[in-house]
Q: 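Mind looking over this structure? Questions follow.
Keep in mind it's a predicted model, so treat the numbers as computed, not measured.
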Amino acid sequence: MFKLVMDNEADVFYRELPKVELHAHLNGSVSFHTIEKLISRKPHLNIEHGMTAIGKGQRRTLDECFQVFKVVHQLVDTEEDILMVATDVIREFAADGVKYLELRSTPREENKTGLTKKRYVETVIKAIKQCKSEGLDIDVRFLVAIDRRNGAEVAMETVKLAEEFMLSTDGLVLGLDLSGDPTVGHGKDLLPALQRAKDCGLKLSLHLSEVPSQLEESDLLLNLPPDRIGHGTFLHPEVGGSQSLVDKVVANNIPLELCLTSNVKGQTVPCYSEHHFKFWYQMGHPSVICTDDKGVFSTDLSQEYQLAASTFGLSREAVWNLSQQAIDCIFAPDTVKQQLKQKWLALKPQVFK
Ligand SMILES: CC(C)=CCNc1ncnc2c1ncn2[C@@H]1O[C@H](COP(=O)(O)O)[C@@H](O)[C@H]1O
Ligand SMILES: [Zn+2]
């Protein structure tokens, strides 16, 4: 079922490279295979593959990309679906050589899934535990996502929910994600919720400057400051950002989660070689390669590492360091970081054989 296509030696290196995935939206990560199962469960929806993923060489507007999530959400609307999708996604990341995964997902309104938001999170946690009991070699944690389109009140509710789970899941729920259509709403309305989250010990990963002209919002949110930044595409001056934003990110040493294919297919960057990975990586700033939505953007983490390496001329040693340095950016505690570093050390001879 999770057959890997290994064309040549280079592919094998990236597949065997132990990896950390820190930016993966559950319903954006649903594979072709799982979509097939969902379509066969719901033939009456008349959904075809072309509506749930953006293939090789294709591009879409941001708006069109967000439409794709709506289609996936139609297919994933029961407890059974959520459980299947989450277990499949985790198994696929494990098969791709991901050793530590922070999955994120937005608990949807009860009328969309028949589940309360609490039950939604419990279902994802059940999937994580199920995968653990299967003995998969992957440590999975969860970030509860706030959809910025739903406003301040829902954001506060979500923070309270995340807080409850953080206290009751023994470290499985570590924090919050802020995502959703960046052209809708303003981050300032969400500040009280995000501040509360921070105060109670939830880690924050915020989608920031995903589109141009969010300078004021990014500045406000950077004052929190967040623990990690998703995308940060338009933070630096060359693309209309500002040096003071860059300075804040650097001063607080906030890692960036960078998703090459997502940004190229969503057309927020013009091509791989102009991706802002180059700007931040050259500065030696913590930069973590991630997938964002491996299903929707038809990619996987090995492929994203390979693309970064071929586009920016990274040696295998540099790629190794990139994946190893991601360990320092995880939200799990130091003991987990140490265990992962040991694992990387033990795997190195095999990967460079
Ligand atoms: C349009 C585009 C280029 C997408 C990539 N960048 C993104 N930006 C903001 N929010 C996102 C992005 N990708 C996924 N999401 C969020 O994740 C959700 C899907 O996963 P889930 O239902 O939370 O489990 C989407 O509805 C959206 O709220
Ligand atoms: Zn994202």
Side-chain angles (χ1 to χ4, degrees), residues 1-4 15 18-42 52 72-73 75-108 110 112-145 158 161-177 202-203 290-291 293-296 300-302 330-333 335-336 339-340 343:
M1 173 155 68
F2 301 109
K3 187 171 163 286
L4 306 175
R15 196 77 57 197
K19 292 170 288 291
V20 163
E21 169 64 85
L22 300 182
H23 189 134
H25 301 270
L26 177 60
N27 286 298
S29 302
V30 189
S31 66
F32 185 90
H33 178 72
T34 307
I35 291 281
E36 227 164 37
K37 292 192 277 183
L38 291 164
I39 287 178
S40 72
R41 279 184 185 181
K42 295 166 217 257
T52 61
V72 178
H73 284 155
L75 281 171
V76 185
D77 70 344
T78 68
E79 183 169 340
E80 207 187 351
D81 297 336
I82 296 161
L83 189 65
M84 177 180 77
V85 161
T87 45
D88 279 6
V89 164
I90 293 168
R91 287 178 192 143
E92 287 155 3
F93 274 116
D96 189 35
V98 173
K99 304 295 178 195
Y100 177 90
L101 163 67
E102 282 175 20
L103 206 52
R104 53 185 81 190
S105 193
T106 328
R108 269 173 279 156
E110 199 170 346
K112 300 265 169 58
T113 55
L115 269 72
T116 60
K117 291 185 178 188
K118 187 164 181 228
R119 191 89 190 120
Y120 185 97
V121 177
E122 281 169 353
T123 307
V124 179
I125 288 171
K126 186 172 169 190
I128 294 174
K129 289 186 174 162
Q130 202 167 306
C131 288
K132 196 169 181 182
S133 73
E134 286 171 15
L136 289 180
D137 185 15
I138 184 169
D139 184 340
V140 186
R141 310 293 170 125
F142 188 57
L143 309 181
V144 185
T158 309
L161 187 71
E163 192 180 348
E164 260 177 53
F165 277 103
M166 176 186 68
L167 297 171
S168 65
T169 56
D170 203 19
L172 275 189
V173 174
L174 292 168
L176 279 176
D177 154 64
L202 286 160
K203 301 279 188 185
C290 302
T291 52
D293 301 286
K294 72 175 181 60
V296 168
D300 59 33
L301 193 55
S302 300
I330 69 172
F331 286 163
T335 47
V336 178
Q339 285 162 10
L340 289 171
K343 186 169 273 181

Q: Is Lys99 close to Asp137 at the side-chain level, that is, under 4.5 Å between some pair of heavy atoms?
A: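 Asp137 reaches Lys99 side chain to side chain.
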Q: Got Val20 and Tyr100 here, is their nearest side-chain heavy-atom distance under 4.5 Å?
A: yes
Q: Roughly how far, to the nearest 0.5 Å, is the CG atom of Leu161 from the NZ atom of Lys118?
A: 8.5 Å
Q: Is it the case that more than 12 heavy atoms not belonging to Gln130 sit under 6.0 Å from its CD atom?
A: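 Buried by this count: over 12 neighbours within 6.0 Å.
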Q: Any heavy-atom pair between the side chains of His25 and Val296 that's under 4.5 Å?
A: no
Q: Looking at every non-hydrogen atom in both residues, tell me the closest pair between Val144 and Phe142 and how far apart they are.
A: CG2-CE2, 3.9 Å
Q: With sequence neighbours left out, what residues match Glu79 under side-chain contact (heavy atoms from CB on, under 4.5 Å)?
A: Leu115, Arg119, Thr123
Q: Can you give me the closest heavy-atom contact between Asp177 and Ala145, atom names plus distance?
A: OD2-CB, 3.1 Å
Q: Counting C-beta onward and ignoring hydrogens, is there a side-chain heavy-atom pair between Lys37 and Met84 closer than 4.5 Å?
A: yes
Q: Would you please test Arg108 and Asn27 for side chain to side chain contact (heavy atoms under 4.5 Å, CB included) and show each step?
A: CA-CA 11 Å; Arg108 269 173 279 156; Asn27 286 298; 3.6 Å; yes
Q: For a 4.5 angstrom cut-off between non-hydrogen side-chain atoms, does Val30 reach Leu38?
A: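 When only atoms from C-beta onward are counted, Leu38 and Val30 do touch, with a gap below 4.5 Å.
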Q: Does NZ belonging to Lys126 count more than 12 external heavy atoms closer than 6.0 Å?
A: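 No, because the 6.0 Å sphere around NZ of Lys126 holds 12 heavy atoms or fewer from other groups.
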Q: Nearest 0.5 Å, what's the NE2-CG distance between His23 and Leu143?
A: 10.0 Å
Q: Do Leu340 and Ile330 have side chains that approach each other closer than 4.5 Å (heavy atoms only, starting at C-beta)?
A: yes
Q: Please report the interatomic distance CZ(Phe32) to CD1(Ile39), rounded to the nearest 0.5 Å.
A: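 Reported to 0.5 Å precision, the distance equals 8.0 Å.
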Q: Any donor-acceptor pair under 3.5 Å linking the side chain of Lys294 with the backbone of Phe93?
A: no
Q: Ignoring hydrogens, what is the shortest heavy-atom contact between Val85 and Thr34? Give both atom names and the distance.
A: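 The pair with the smallest heavy-atom distance is CG2-CG2, 4.1 Å.
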Q: Does the side chain of Glu92 pick up a donor-acceptor pair with the side chain of Ser31 at under 3.5 Å?
A: yes
Q: List the atom of Leu75, the atom of Lys42, and the distance in Å for their closest heavy-atom pair.
A: O-CE, 2.9 Å
Q: Ignoring hydrogens and angles, tell me if any N or O in the side chain of Arg104 forms a donor-acceptor pair with the backbone of Leu22 under 3.5 Å.
A: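 At least one qualifying donor-acceptor pair exists.
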Q: Can you check side chain to side chain contact (heavy atoms under 4.5 Å, CB included) on Arg15 and Asp300, steps first, answer last?
A: CA-CA 10 Å; Arg15 196 77 57 197; Asp300 59 33; 3.0 Å; yes
Q: If you measure from CD1 on Ile90 to OG on Ser29, what distance do you get to the nearest 0.5 Å?
A: 10.5 Å
Q: Please find the pair of heavy atoms, one from Ala332 and one from Leu174, that lie closest to each other, and give the distance.
A: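 Result for this residue pair: N-CD1, 3.6 Å.
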Q: To the closest 0.5 Å, what do you measure between CD1 (Ile35) and OG1 (Thr52)?
A: 4.0 Å
Q: Quick one, Asp139 and Arg141 - any side-chain contact, counting heavy atoms below 4.5 Å?
A: yes
Q: Do Ile128 and Lys132 have side chains that approach each other closer than 4.5 Å (heavy atoms only, starting at C-beta)?
A: no
Q: Measure the spacing between CG of Leu202 and CG of Leu167 and express it to the nearest 0.5 Å.
A: 8.0 Å
Q: Identify the two heavy atoms, one from Ala24 and one from Leu101, that lie closest to each other, and give their separation to 0.1 Å.
A: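 So the minimum-distance heavy-atom pair works out to CB-CD1, 4.2 Å.
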